[in-house]
Undergrad: 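Sending over a structure as structure tokens; questions will come in a sec.
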Number of protein chains: 2
Amino acid sequence: MTKENVNIYDIAKEAGVSIATVSRAMNNPEKLRKETKEKIEKAMKKLSYTPNALAQSLVSKSTRTLGVIIANINNPFYGEMVRAIEDRASDKGYTILLGNTDNKFEEEEKYIDIFLKKQVDGIIFAGGRRISEKYNRHLIKVAENIPVVLTNHILQNKNIYCVLSDEAKGTELLMNYLIEKGHREIAYINGYADSYASIIKKENYLKILSKNSIPIVDELIIDSPSDDMRGGYRACEILLERGKFTALFAANDLMAIGAIRCLTARGYNVPSDIAVAGYDDIDLCNYVSPSLTSVTQNISELGSIAVDIMTDVLECKEAGRLIFIEPKLVVRQSA
Amino acid sequence: MTKENVNIYDIAKEAGVSIATVSRAMNNPEKLRKETKEKIEKAMKKLSYTPNALAQSLVSKSTRTLGVIIANINNPFYGEMVRAIEDRASDKGYTILLGNTDNKFEEEEKYIDIFLKKQVDGIIFAGGRRISEKYNRHLIKVAENIPVVLTNHILQNKNIYCVLSDEAKGTELLMNYLIEKGHREIAYINGYADSYASIIKKENYLKILSKNSIPIVDELIIDSPSDDMRGGYRACEILLERGKFTALFAANDLMAIGAIRCLTARGYNVPSDIAVAGYDDIDLCNYVSPSLTSVTQNISELGSIAVDIMTDVLECKEAGRLIFIEPKLVVRQSA
DNA sequence: ATTTCTAATGTAAGCCCTTTCATAAATAAT
DNA sequence: ATTATTTATGAAAGGGCTTACATTAGAAAT
């Protein structure tokens with residue numbers, strides 16, 4: 001753009017060697033005589049040479065770039081996840097290409113095409129996805145070309161690998177805790193009804209109630225209009241109109257925080273009037289007031305493992321196709 | 001990796017034309033006869049061809065990729081910023097390569113090298129930076145090669161463009177508001193002491209106090225150990241030990257939220273005992289309790305404008321070198 | 001039908017590297 | 001010193017694309 005770029009020929013000329021030798025100086029320095037290597041290094045420094053990764057990748061067939069597709073980076077859950085992914089990837093010499101989809105089909109499709117064009121080595125789909133043929137087709141399409149890693153989602157297929165927290169167990173942990181605390185009217189705010197995470201949680205919410213012979217009250221179960229604070233706030237409003245409850249379980253922390261806000265705005269005390277618990281254990285749980293009881297997904301671990309799997313696959317090492325992470329209950333003030 | 005890639009030669013063969021014609025079908029379709037175009041499109045579909053962006057970029061000298069360097073994506077301020085950047089970039093056909101530096105010099109250097117190698121078309125340094133020769137050298141180095149856009153930071157130099165909120169004015173707005181409300185003992189939690197944003201804010205905090213003939217109490221001014229909630233919490237603890245105050249101004253929302261948490265934990269009521277205000281107006285301000293009075297930076301606007309400037313420069317259009325955004329006071333419950 | 005001009009297509013060079021294979025230089029062995 | 005062996009370097013092809021220039025086909029003009 002601004003400066004005419006110096007390339008490998010310029011270095012070769014300056015150092016008085018062939019371009020092959022310059023290339024070796026970068027990739028197999030041990031194959032060169034010390035003095036030639038030094039000549040080349042001096043030339044590189046003098047002309048401030050930066051190798052062109054496009055050309056390198058074109059021949060090496062590897063870009064050391066990973067695509068990351070998420071719903072929305074501006075959501076603490078995904079923020080933590082992407083941060084973890086980026087950190088680990090960077091440690092291993094990979095760079096991250098980012099795409100926000102807002103869970104929109106067309107956006108996802110667009111990013112997949114772009115990433116494939118740009119020859120990423122693999123794509124990580126980070127965070128809950130819809131369960132549908134349509135969405136799965138995306139994953140399978142990508143997996144025909146490059147490895148795919150999913151976090152918080154299951155799809156068994158060639159070239160697709162999954163890491164996820166055991167949400168059935170996590171839900172069980174949390175529900176048992178609430179019930180032990182004496183709650184029998186436990187409302188539930190569900191996330192997107194067709195996401196894997198939501199389905200599992202709802203299933204286990206119902207299961208634990210039954211196990212404890214607690215009647216299931218349909219009015220206390222609601223699908224949130226959106227899986228964020230706003231959605232949680234609104235869902236809670238509706239629940240309050242519908243019936244009475246002493247505890248509230250939201251499928252993610254953001255919705256739980258929204259619900260708390262709704263409750264305090266209406267004069268309820270959390271937890272003495274109504275206990276509230278979330279899920280995911282995002283950082284924010286520690287900083288809202290009251291601090292939020294939640295179940296940890298170990299978001300960072302999930303992210304790092306996703307990268308580890310990806311790089312293992314890329315380096316043709318063994319990699320688990322389906323890895324579960326143990327969830328843990330984190331009791332704070334809200335419940 | 002998994003599938004042997006089909007290239008432009010395969011398409012040319014399948015369609016019975018030359019590769020130049022295939023290339024034209026993608027880039028200048030209007031130059032082809034309708035039927036040839038159709039033949040080629042059919043071939044592309046049949047073989048499910050994806051052009052190789054590496055090769056394209058190698059010749060076109062443009063990757064349609066922007067590097068974004070930030071401190072930490074897992075921080076709502078940067079999260080919102082990056083989201084805005086990504087959105088606008090995506091609308092304009094650019095993809096984002098992401099790098100978290102945690103404000104570390106070496107990390108920043110590393111990402112700059114990687115981005116330059118990968119031939120990004122430009123780099124956006126999003127969010128406050130340290131003011132120092134050392135850090136500025138980074139920016140200038142990059143700007144020698146490709147355009148640089150800074151948000152919330154000023155550096156006048158060739159090929160460097162800045163967008164920022166007028167923080168002097170924002171601080172004035174806020175301080176005047178607090179003083180009007182009758183506060184005369186206003187504590188101040190500063191961010192990183194050597195960042196542009198911090199310097200301006202502190203300067204204006206002092207200025208407004210003087211203007212209103214309010215004595216400056218050194219004990220009520222503190223540099224936060226870190227510019228997040230934890231830092232704000234800790235800074236507030238120290239302030240409470242040091243002296244009395246009826247209002248607290250933190251240089252960013254996260255620190256303000258940490259401070260509120262510290263105050264409520266110690267039994268103070270916010271705002272009746274101590275009023276608290278932050279800066280930046282991140283989404284979260286609406287969802288903490290009490291909701292946080294702040295000054296909006298219009299983070300999203302900042303991000304979009306950063307991209308607009310970048311693309312204008314890349315397309316050789318006129319672009320402002322220094323753009324200020326008007327801040328606005330957003331009064332909520334905390335002050 | 002022949003020539004002229006335009007539009008469509010092809011040929012080949014070039015973008016910047018890596019890597020195989022061949023060659024030259026240095027070292028070891030005789 | 002001479003040959004065999006190892007090591008360091010160079011020449012050239014190839015990776016997948018774009019584009020300037022050359023060529024051919026088709027339309028318009030005579």
Side-chain angles (χ1 to χ4, degrees), chain A residues 1 3-41 43-44 47-65 114 116-121 145-146, chain B residues 1 3-41 43-44 47-65 114 116-121 145-146:
Chain A
M1 162 109 280
K3 216 166 61 176
E4 62 307 328
N5 267 325
V6 359
N7 63 23
I8 200 170
Y9 286 90
D10 300 322
I11 302 303
K13 201 177 188 182
E14 172 76 26
V17 297
S18 74
I19 61 162
T21 305
V22 178
S23 176
R24 275 186 283 258
M26 301 189 281
N27 304 307
N28 305 88
E30 75 283 359
K31 292 199 170 175
L32 293 193
R33 248 179 33 214
K34 209 167 64 181
E35 38 176 307
T36 5
K37 210 170 58 193
E38 279 162 3
K39 263 193 311 189
I40 292 173
E41 277 162 2
M44 287 181 171
L47 305 184
S48 57
Y49 171 65
T50 305
N52 184 324
L54 296 177
Q56 293 181 317
S57 293
L58 191 58
V59 7
S60 71
K61 304 276 182 197
S62 148
T63 53
R64 294 238 133 203
T65 303
I114 293 176
L116 252 22
K117 260 194 174 179
K118 300 210 174 191
Q119 313 293 118
V120 298
D121 292 345
N145 298 281
I146 51 176
Chain B
M1 165 108 277
K3 217 165 60 175
E4 64 304 331
N5 269 326
V6 358
N7 63 21
I8 202 171
Y9 288 90
D10 300 322
I11 302 302
K13 201 177 188 184
E14 173 76 26
V17 297
S18 75
I19 59 162
T21 305
V22 177
S23 177
R24 277 187 281 258
M26 300 190 282
N27 303 309
N28 305 86
E30 75 281 1
K31 292 199 171 174
L32 293 194
R33 252 184 23 219
K34 207 165 70 178
E35 38 178 307
T36 5
K37 208 171 61 191
E38 279 163 5
K39 263 194 312 190
I40 293 173
E41 276 162 3
M44 286 181 171
L47 305 184
S48 55
Y49 171 64
T50 304
N52 185 325
L54 296 177
Q56 294 180 317
S57 294
L58 191 56
V59 9
S60 71
K61 305 275 183 196
S62 149
T63 53
R64 295 237 132 205
T65 302
I114 293 176
L116 253 23
K117 259 194 174 180
K118 298 209 176 194
Q119 313 291 121
V120 297
D121 291 344
N145 297 281
I146 50 176

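Proteins get letters first, then strands, A, B, ... in listed order; numbering begins at 1 in each. Because the structure is a prediction, the values reported are computed rather than measured.
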Undergrad: Are any of the side-chain heavy atoms of B:Leu32 and B:Ile40 separated by less than 4.5 Å?
TA: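 They are in contact (side-chain heavy atoms under 4.5 Å apart), so the answer is yes.
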Undergrad: Expressed in angstrom and rounded to an integer, what is the separation of B:Asn5 atom CG from D:dG14 atom P?
TA: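 Whole-Å distance recorded here is 19 Å.
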Undergrad: Please evaluate residues B:Thr65 and A:Lys118 with respect to the criterion side-chain hydrogen bond (donor to acceptor under 3.5 Å, both in side chains), reporting the C-alpha separation (whole Å), side-chain torsions for both, the decisive distance (0.1 Å), and the verdict.
TA: CA-CA 10 Å; B:Thr65 302; A:Lys118 300 210 174 191; 2.6 Å; yes
Undergrad: In terms of the nearest nucleotide of DNA chain D, which residue is placed more toward the 5' end: B:Arg24 or A:Ala20?
TA: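 Taking each residue's closest nucleotide, the earlier one in sequence belongs to A:Ala20.
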Undergrad: Decide yes or no for B:Asn5 and B:Thr50: does some side-chain heavy atom of the first lie under 4.5 Å from some side-chain heavy atom of the second?
TA: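 Side-chain contact under 4.5 Å: no.
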Undergrad: To the nearest 10°, give me the bend of the helix from C:dA1-D:dT30 to C:dT30-D:dA1, comparing the axes of its five terminal pairs at either end.
TA: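 That helix has its two terminal axes inclined by roughly 40°.
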Undergrad: Just to verify, what does A:Ser23 make a side chain to side chain contact (heavy atoms under 4.5 Å, CB included) with, not counting sequence neighbours?
TA: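 By the side chain to side chain contact (heavy atoms under 4.5 Å, CB included) rule, A:Ser23 matches A:Ile8, A:Asn27.
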Undergrad: Shoot me the first and last contacting nucleotide of DNA chain C against chain A, ordered 5' to 3', at under 4.0 angstrom to non-hydrogen atoms.
TA: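 In short, chain A contacts DNA chain C from C:dC16 to C:dT20.
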Undergrad: Between B:Asn28 and B:Glu30, is a side-chain contact (heavy atoms from CB on, under 4.5 Å) present by the stated rule, with each step listed?
TA: CA-CA 5 Å; B:Asn28 305 86; B:Glu30 75 281 1; 3.8 Å; yes
Undergrad: Can you name the closest pair of heavy atoms from A:Arg64 and A:Asp121 and give their distance?
TA: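 Taking every non-hydrogen atom into account, N-OD2, 2.8 Å.
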Undergrad: Nearest-Å distance, CZ (A:Arg33) to C1' (D:dT9)?
TA: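 These atoms are roughly 9 Å apart.
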Undergrad: By nearest atom, which of the nucleotides D:dG16, D:dT18, D:dG14 is closest to the A:Val59 side chain?
TA: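 The nucleotide sitting nearest to the side chain is D:dG14.
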Undergrad: Write down the distance between CD (A:Gln56) and P (D:dG16), rounded to a whole number of angstrom.
TA: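 Rounded to the whole Å, the gap is 17 Å.
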Undergrad: Taking all non-hydrogen atoms of both residues, which atom of B:Glu14 and which atom of B:Leu47 are closest, and how far apart?
TA: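 Result for this residue pair: CB-CD1, 4.1 Å.
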Undergrad: Return the minimal non-hydrogen interatomic distance between A:Val6 and A:Tyr49, and the atom names on each side.
TA: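 What the structure gives for the nearest pair is O-CD1, 3.4 Å.
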Undergrad: Quick one: is A:Lys37 getting a side-chain N or O under 4.0 Å of the D:dA8 phosphate, OP1 or OP2?
TA: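 A:Lys37 to D:dA8 OP1/OP2: no side-chain N or O under 4.0 Å.
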Undergrad: Mind checking B:Ser60 for me? I need base, sugar-phosphate or nothing, with any heavy atom below 4.0 Å counting as a touch.
TA: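 Nothing, no heavy atom under 4.0 Å.
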Undergrad: More than 12 foreign heavy atoms under 6.0 Å from NZ of A:Lys37: is that the case here?
TA: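 Counting neighbours around NZ of A:Lys37, more than 12 heavy atoms of other residues, nucleotides or ligands fall under 6.0 Å, so yes.
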Undergrad: Measure the distance from NZ on B:Lys34 to P on D:dG26 and round it to the nearest whole Å.
TA: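 Those two atoms, NZ and P, are 17 Å apart.
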Undergrad: Residues two or more places apart in sequence or in another chain: which of them pass side chain to side chain contact (heavy atoms under 4.5 Å, CB included) with B:Asn52?
TA: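 Scan of B:Asn52 (side chain to side chain contact (heavy atoms under 4.5 Å, CB included), adjacent residues dropped) gives A:Leu58, A:Gln119, B:Leu54, B:Ala55.
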Undergrad: Whole Å only: how far is the CG atom of A:Leu116 from the P atom of D:dG16?
TA: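 To the nearest whole Å, that distance equals 15 Å.
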Undergrad: Reckon B:Leu58 touches a base, only the sugar-phosphate, or nothing at all at heavy-atom distances under 4.0 Å?
TA: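 Base contact.
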Undergrad: Is the distance from OP1 or OP2 of D:dG16 to the nearest side-chain N or O of B:Asn7 less than 4.0 Å?
TA: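 Yes, B:Asn7 has a side-chain N/O under 4.0 Å of OP1/OP2 on D:dG16.
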Undergrad: So what does B:Ser57 touch, heavy atoms closer than 4.0 Å: a base, only the sugar-phosphate, or nothing?
TA: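 Counting heavy atoms under 4.0 Å across all strands, no contact is made by B:Ser57.
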Undergrad: Do any side-chain nitrogens or oxygens of B:Asn27 fall under 4.0 Å of OP1 or OP2 in D:dT18?
TA: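 Yes.
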Undergrad: Counting the atoms with a prime plus P, OP1 and OP2 as sugar-phosphate, which does A:Thr21 contact under 4.0 Å by heavy atoms, base, sugar-phosphate, or nothing?
TA: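 Touches sugar-phosphate only.
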Undergrad: What integer distance in Å separates A:Leu54:CG from D:dT18:C1'?
TA: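 One finds 14 Å between C1' of D:dT18 and CG of A:Leu54, rounded.
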Undergrad: Applying salt bridge (charged side-chain N to carboxylate O under 4.0 Å, His left out), can you list everything that pairs with A:Glu35, at least two apart in sequence or on another chain?
TA: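 Per chain and number, A:Glu35 pairs via salt bridge (charged side-chain N to carboxylate O under 4.0 Å, His left out) with A:Arg33.
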Undergrad: Could you give the CD1-to-C1' distance, from B:Ile8 to D:dT19, as a whole number of Å?
TA: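 Checked: the CD1 to C1' distance equals 12 Å.
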Undergrad: Minimum heavy-atom separation for B:Ala43 to B:Ala15, with atom names?
TA: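 Reported closest heavy-atom pair: CB-CB, 4.0 Å.
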Undergrad: Which of residues 11-19 of chain A have a heavy atom under 4.0 Å from DNA chain C?
TA: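 Residues of residues 11-19 of chain A under 4.0 Å from DNA chain C: A:Ile19.
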Undergrad: Check the distance between D:dT18's P and B:Ile40's CD1 and give it to me in whole angstrom.
TA: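 B:Ile40 atom CD1 is separated from D:dT18 atom P by 12 Å.
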